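Predicted model only: the values in this text are computed from it and were never measured.
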Amino acid sequence: MPIHCEFLGFDRAALDLAADYLLRRYRTAAIWDLQQVIVVTPAARAGRRLLEILVQRAAQDRLLLTPPTIETVGRLPEQLYPPKRPFANELTQRFTWSSALQSAAQETVWPVIPNPPACDEVMAWAELADMLRQLHVELAGDGLAFADVTERLAETPGHPDQQRWSSLEKLQSAYLRRLDDLQLWDRQTARLEAIKRNECDTDRDIVLVGTVDMNLAVRQMLDQVAQHVVALVAAPQAWRERFDSHGCLAPDKWNDIDVPL
């Protein structure tokens with residue numbers, strides 16, 4: 001079952017239109033119960049403003065409001081699978097990447113960093129570790145681990161990047177082993193495992209509000225609970241082809257559109 005996209009038009013502000021939708025769907029007499037709803041916004045500020053609108057609307061119509069859970073796109077995934085360990089925070093991730101990098105054998109480090117810093121250059125190692133952390137986060141957003149890149153490069157024998165990505169795969173494995181020793185989870189890897197094991201589930205409705213740019217990992221997680229998801233799009237139904245099945249922008253469809261200024 002695909003995600004349902006609801007086109008709200010754009011005659012008013014998107015958050016006001018979203019409040020109208022929530023009122024139509026979840027109001028029963030004088031009760032406006034959103035307790036079993038997760039509303040997802042692009043940023044925290046939009047979520048705070050939406051909550052203000054809901055409270056104002058409830059006061060105006062004299063409704064008993066139970067507010068929804070409001071999350072950003074970046075924090076939604078942890079609502080969809082059961083974390084079995086505490087997550088490593090960003091600082092812990094950086095230190096762990098640095099430890100994995102500095103402890104690795106020279107033949108592993110060299111293809112990635114041909115001229116590594118001296119052992120006592122702490123800040124230089126920290127910057128390199130953060131570079132690896134960011135690459136790890138970026139690829140995980142597209143549903144990939146370093147091993148996936150290595151596997152794809154292996155399909156082209158003699159590819160110049162094959163050795164480098166093989167080393168990156170070893171460094172990533174060392175990083176994850178160190179977190180495992182600390183009884184911590186890496187958030188990005190946990191999400192990929194949840195997708196791989198088809199562990200995403202929810203008994204609540206998920207309402208996406210203006211989330212026109214979601215990465216592949218979030219989309220894959222939402223696909224596993226698609227029967228509970230509605231994407232609210234602040235555009236008319238006539239623009240349906242300009243958005244994809246997740247309510248995100250379809251870039252190719254916008255390239256040749258004439259915008260009257």
Kindly check if the number of other-residue, nucleotide or ligand heavy atoms within 6.0 Å of CD (Q106) is above 12?
-> no
Heavy-atom closest contact (E199 atom, P82 atom, distance) = O-CD, 4.3 Å
Check the pair S167 / Q163 against side-chain hydrogen bond (donor to acceptor under 3.5 Å, both in side chains), numbers first and verdict last.
-> CA-CA 6 Å; S167 292; Q163 186 179 6; 5.7 Å; no
Give a yes or no on whether the backbone of F243 and the side-chain of R240 come within a donor-acceptor separation of less than 3.5 Å.
-> yes
Does one hydrophobic cluster hold both L128 and L135, with members joined at side-chain heavy-atom distances below 4.5 Å?
-> yes
Side chains of S103 and R178, donor plus acceptor under 3.5 Å = yes
Regarding N89 and Q93, is there a side-chain donor-to-acceptor distance under 3.5 Å anywhere?
-> no
Atom CD1 of I3 and atom NE2 of H228: how far apart are they, to the nearest 0.5 Å?
-> 12.0 Å
Whether N215 side chain and V218 backbone form a donor-acceptor pair below 3.5 Å = yes
Hey, are the side chains of V229 and L208 touching, using non-hydrogen atoms and a 4.5 Å cut-off?
-> yes
Taking the six-membered ring for Trp, are W97 and Y175 parallel (under 30°), tilted (30 to 60°) or perpendicular (over 60°)?
-> parallel
To the nearest 0.5 angstrom, please state how far the CG atom of L153 sits from the CD atom of Q162.
-> 6.0 Å
So do F146 and L171 actually touch side chain to side chain, heavy atoms under 4.5 Å?
-> no
Between E6 and H4, is any side-chain donor less than 3.5 angstrom from a side-chain acceptor?
-> yes
Taking Q79 for its side chain and L76 for its backbone only, find out whether a donor-acceptor pair lies under 3.5 Å.
-> no
Measure from the side-chain N and O atoms of W254 to the backbone N and O of R242, and report whether any donor-acceptor pair falls under 3.5 Å.
-> yes
Can you check whether R219 reaches D244 side chain to side chain, under 4.5 Å on heavy atoms?
-> yes
Are any of the side-chain heavy atoms of R197 and Y81 separated by less than 4.5 Å?
-> no
Side-chain donor-acceptor pair present, Q35, R204, cut-off under 3.5 Å = no
Are any side-chain N or O atoms of W239 and backbone N or O atoms of F7, one a donor and one an acceptor, separated by less than 3.5 Å?
-> no
Can you check whether Q224 reaches I195 side chain to side chain, under 4.5 Å on heavy atoms?
-> yes
For the atom pair CD (E78) and CH2 (W185), what is the distance rounded to the nearest 0.5 Å?
-> 9.5 Å
For the pair R152 and E155, find out whether any cationic side-chain nitrogen is under 4.0 Å from an anionic carboxylate oxygen.
-> no
Should we count CZ of R12 as having more than 12 external heavy atoms under 6.0 Å?
-> yes
